[in-house]
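Worksheet for the structure shown next.
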Amino acid sequence: LLTISINEMIYTLVNIYWIPGLGVRVAKQHLEDIVQYTKGNLIIAGDFNCIIKETDTNTKTTRKRSPLTKLLSEFVETFNIVDINEYAIPDSLFFTHFSHRHNTYSRIDRVYITKDLTSKLNKVKTISCPFSDHNTITFEIDLCFKRRI
């Protein structure tokens, strides 16, 4: 978790990795810590290892029934944050993870931002990463840097 100030605006940046099989109690504590320490606008990104919708996978998996799904969905709603891919590219079908072993695709990597930042969001893309089984999500947020004289 990193809190920064740019042009007198405060941003909290969080990178998260929920290991497969992570218990709800531990994940809930992660989210409670984020709520406790977040100041200003939130940008949270990472591998949540759970899917939110049926369209987030090409197969029926146990991830869909994961208790983490409900926990993450409630956090997103309560904290009033937006999934940048769903905001910038609505109704698109894309995946961020490929399992060669199981021949499955899923969307378990996500970036969420506070709604106040959506008007500043640009160039959201999901691109393949040749050295990983996860794709990379890239985006730009125009923070309107102004020089102080």
Side-chain angles (χ1 to χ4, degrees), residues 1-7 9-22 24 27-28 30-35 37-146:
L1 185 133
L2 174 68
T3 301
I4 60 174
S5 177
I6 301 172
N7 293 334
M9 293 292 296
I10 298 173
Y11 303 89
T12 299
L13 312 173
V14 179
N15 181 30
I16 199 161
Y17 173 62
W18 285 352
I19 61 172
L22 181 72
V24 172
K28 186 175 182 179
H30 288 169
L31 297 178
E32 287 172 358
D33 290 345
I34 291 168
V35 169
Y37 295 107
T38 292
K39 293 179 175 79
N41 289 296
L42 175 65
I43 301 171
I44 179 172
D47 179 352
F48 292 90
N49 266 310
C50 64
I51 61 173
I52 303 298
K53 303 178 191 172
E54 287 185 27
T55 55
D56 288 343
T57 183
N58 71 333
T59 185
K60 296 186 185 305
T61 67
T62 55
R63 287 184 187 166
K64 185 168 49 178
R65 294 181 294 275
S66 168
L68 296 179
T69 298
K70 181 179 179 190
L71 181 67
L72 180 58
S73 297
E74 289 171 355
F75 177 77
V76 167
E77 186 175 320
T78 301
F79 214 80
N80 204 23
I81 54 179
V82 176
D83 181 319
I84 65 167
N85 283 89
E86 289 182 359
Y87 177 82
I89 316 165
D91 301 321
S92 65
L93 185 62
F94 63 93
F95 303 107
T96 59
H97 179 258
F98 176 68
S99 170
H100 292 281
R101 183 174 164 208
H102 299 105
N103 196 30
T104 59
Y105 296 89
S106 57
R107 181 167 177 248
I108 57 177
D109 306 281
R110 298 175 184 276
V111 177
Y112 294 102
I113 62 175
T114 51
K115 286 188 179 180
D116 290 346
L117 294 176
T118 56
S119 63
K120 302 171 187 293
L121 187 62
N122 297 309
K123 300 180 184 177
V124 177
K125 294 184 215 171
T126 301
I127 55 175
S128 64
C129 183
F131 54 85
S132 176
D133 57 351
H134 292 260
N135 290 335
T136 302
I137 301 170
T138 65
F139 62 98
E140 294 178 10
I141 295 179
D142 181 6
L143 300 178
C144 300
F145 293 103
K146 295 178 183 174

Quiz item: Do the non-hydrogen side-chain atoms of Ile141 and Ile43 ever get within less than 4.5 Å of each other?
Solution: yes

Self-check item: Straight-line distance of Ile52 CD1 to Thr57 OG1, nearest 0.5 Å
Solution: 12.5 Å

Self-check item: Reported CD1-to-CG distance for the pair Ile89 and Asp83, which is rounded to 0.5 angstrom
Solution: 10.0 Å

Quiz prompt | Test item: Ile84 and Leu121 side chains (from C-beta on) under 4.5 Å apart, heavy atoms | solution = yes

Quiz prompt | No-hydrogen, no-angle side-chain donor-acceptor test under 3.5 Å, Thr114 and Asn41 | solution = yes

Practice problem: With sequence neighbours excluded, tell me which residues meet side chain to side chain contact (heavy atoms under 4.5 Å, CB included) with Phe98. | Solution: His100, Asn103, Tyr105

Practice problem: Show your reasoning for whether side-chain contact (heavy atoms from CB on, under 4.5 Å) applies to Asn85 and Phe139. | Solution: CA-CA 9 Å; Asn85 283 89; Phe139 62 98; over 6 Å; no

Exercise. With sequence neighbours excluded, tell me which residues meet side chain to side chain contact (heavy atoms under 4.5 Å, CB included) with Asp33.
Key: Gln29, Gln36, Tyr37

Quiz item: Just wondering, do Ser106 and Asp56 contact through their side chains at under 4.5 Å, heavy atoms?
Solution: no

Quiz prompt | Verdict with supporting geometry, Tyr11 and Leu143, side-chain contact (heavy atoms from CB on, under 4.5 Å) | solution = CA-CA 10 Å; Tyr11 303 89; Leu143 300 178; 3.3 Å; yes

Quiz prompt | Intermediate values then yes/no, side-chain contact (heavy atoms from CB on, under 4.5 Å), His97 and Ile51 | solution = CA-CA 11 Å; His97 179 258; Ile51 61 173; over 6 Å; no

Exercise. Mind checking the CG-CG spacing from Asn49 to Asp47? Nearest 0.5 Å is all I need.
Key: 4.0 Å

Quiz item: Considering only heavy atoms from C-beta outward, does the side chain of Ile44 approach that of Val111 to under 4.5 Å?
Solution: no

Quiz prompt | Which residues share a side chain to side chain donor-acceptor pair (under 3.5 Å) with Asp109, sequence neighbours left out | solution = Thr96, His134

Quiz item: Are any non-hydrogen side-chain atoms of Phe48 and Ile108 less than 4.5 angstrom apart?
Solution: no

Self-check item: Shortest non-hydrogen contact from Pro67 toward Val24
Solution: CB-CG2, 3.2 Å

Quiz item: Does a side-chain heavy-atom distance below 4.5 Å link Phe75 with Ile81?
Solution: yes

Exercise. Using modelled atom types only, decide if a donor and an acceptor are shared between the side chain of Asn135 and the backbone of Phe95 within a distance under 3.5 Å.
Key: yes

Quiz item: How many angstroms lie between CD1 in Ile113 and NZ in Lys120, if you round to the nearest 0.5 Å?
Solution: 10.5 Å

Quiz item: With side chains defined as the heavy atoms from C-beta onward, is the minimum distance between Ile4 and Ile10 less than 4.5 Å?
Solution: no

Quiz item: Got a sec, which pairs hit side chain to side chain donor-acceptor pair (under 3.5 Å) with one end in residues 71-81, sequence neighbours left out?
Solution: Asn80-Lys115

Quiz item: Who passes side chain to side chain contact (heavy atoms under 4.5 Å, CB included) against Ala27, sequence neighbours left out?
Solution: Trp18, Leu22, Leu68, Leu71

Self-check item: Pairwise distance CD1(Ile16) to CG(Leu72) - rounded to 0.5 angstrom
Solution: 8.0 Å

Quiz item: Judged by atom type as modelled, is there a donor-acceptor pair below 3.5 Å linking the side chain of Asn7 to the main-chain atoms of Met9?
Solution: no

Quiz prompt | Donor-acceptor contact present, side-chain Thr136 to main-chain Cys129, <3.5 Å | solution = no

Quiz item: Which pairs count as salt bridge (charged side-chain N to carboxylate O under 4.0 Å, His left out) when at least one residue sits in residues 122-141, sequence neighbours excluded?
Solution: Lys123-Glu140

Quiz prompt | Candidate pair Tyr112 and Leu42, rule side-chain contact (heavy atoms from CB on, under 4.5 Å), full reasoning | solution = CA-CA 8 Å; Tyr112 294 102; Leu42 175 65; over 6 Å; no

